[in-house]
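Throughout, numbering of the chain's residues begins at 1 and tracks the sequence. Please read all numbers here as calculations on a predicted model, not as lab measurements.
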Amino acid sequence: MRSVLYLLTTLVVMGLAFWAYRENYRTQAAIGEMSEIQRQIGHLREELGVMRAEWAFLNRPERLRQLVNLNFDKLKLVPFGSDQFVDVGQVAFPTPKAPAPPPGADMPIERPAGYPPRRPQESTP
C-alpha cells in the first residue's frame, strides 16, 4: 500500500513539475511578446511626435499667409469678418421634398389566401 502511495506522490510531483515548466515558458513568451509590443508603441509614439511637429511646421501662420498671397488669384481667400456670422434661424435651408409614391401605390394590396380580411383600422387614408 505504501509503494502505491509513493508512486502516486511521485507522479503528482512530476506532473506538477511539468506543469510549472510549461507555465514558466509560457510566461517568458508572454513577457517577450509584451516587450515587443511596448517597443512598437514607443516607435509609433515617436513617429506621431514627428508627424505632429511636421504638421505644426506646415501650419505656421506666416507660411499659410504666403501661400494665400501666392494663390490669391485662384482661391480669393480673405480674412474672416464679424459680419460673416449669422444665427442659424437666418439660414435659408431647402425644404425637404416629399418622397415619391412607389409605383402601383394606389392599387389595394391583396392578402394571400388564409389571411383574414382587413379591418377598418388597418387601412390608412
Side-chain angles (χ1 to χ4, degrees):
M1 184 68 178
R2 278 190 171 171
S3 61
V4 173
L5 185 61
Y6 289 147
L7 180 64
L8 286 176
T9 305
T10 304
L11 289 175
V12 167
V13 168
M14 288 174 60
L16 288 173
F18 179 72
W19 173 80
Y21 179 78
R22 282 186 35 212
E23 287 299 314
N24 181 28
Y25 275 98
R26 269 198 234 160
T27 304
Q28 288 177 2
I31 289 172
E33 183 180 339
M34 184 188 65
S35 64
E36 177 61 30
I37 290 172
Q38 291 292 339
R39 273 193 293 277
Q40 289 175 357
I41 289 172
H43 180 69
L44 291 174
R45 283 186 178 163
E46 185 178 332
E47 285 183 11
L48 182 62
V50 169
M51 287 182 186
R52 284 183 177 158
E54 288 176 353
W55 183 254
F57 180 75
L58 292 174
N59 281 328
R60 293 183 330 265
E62 60 274 2
R63 178 183 173 275
L64 294 177
R65 197 171 298 114
Q66 288 174 356
L67 288 174
V68 167
N69 290 337
L70 287 173
N71 297 304
F72 184 76
D73 296 333
K74 295 178 193 172
L75 301 176
K76 309 265 192 276
L77 296 175
V78 294
F80 280 121
S82 62
D83 58 335
Q84 292 176 318
F85 296 100
V86 296
D87 291 330
V88 176
Q90 295 175 336
V91 177
F93 291 107
T95 57
K97 296 180 181 177
D106 56 341
M107 296 176 42
I109 300 173
E110 294 183 19
R111 290 191 171 203
Y115 275 84
R118 285 187 174 265
R119 296 184 299 223
Q121 64 267 23
E122 286 183 351
S123 58
T124 56

E23/R26 ion pair, N-O < 4.0 Å: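 Yes, this pair counts.
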
With rounding to the nearest 0.5 angstrom, report the [atom1] to [atom2] distance, [X] to [Y].
X	Y	atom1	atom2	answer
L11	Y6	CG	OH	15.0 Å
M14	T10	CE	OG1	8.0 Å
I41	M34	CD1	CE	10.0 Å
M51	E47	CE	CD	5.5 Å

Looking at Q84 and G81, would you say the former's side chain and the latter's main chain have a donor-acceptor pair under 3.5 Å?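 Looks like yes, one N/O pair under 3.5 Å.
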
Are there over 12 heavy-atom neighbours, none belonging to [X], within less than 6.0 Å of that residue's [atom1]?
X	atom1	answer
R45	CZ	no
E46	CD	no
K74	NZ	no
Q28	CD	yes

Tested for side chain to side chain contact (heavy atoms under 4.5 Å, CB included) against L77, the lone hit among L67, V68, L64, N69 is V68

Path from M1 to L5 over hydrophobic side-chain contacts below 4.5 Å: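 Each belongs to a different hydrophobic cluster.
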
Looking at F57, I'd like to know if the NZ or CZ of R60 sits under 6.0 Å from its six-membered ring centre while staying within 45 degrees of the ring's axis.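 Checked: cation-pi criterion met.
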
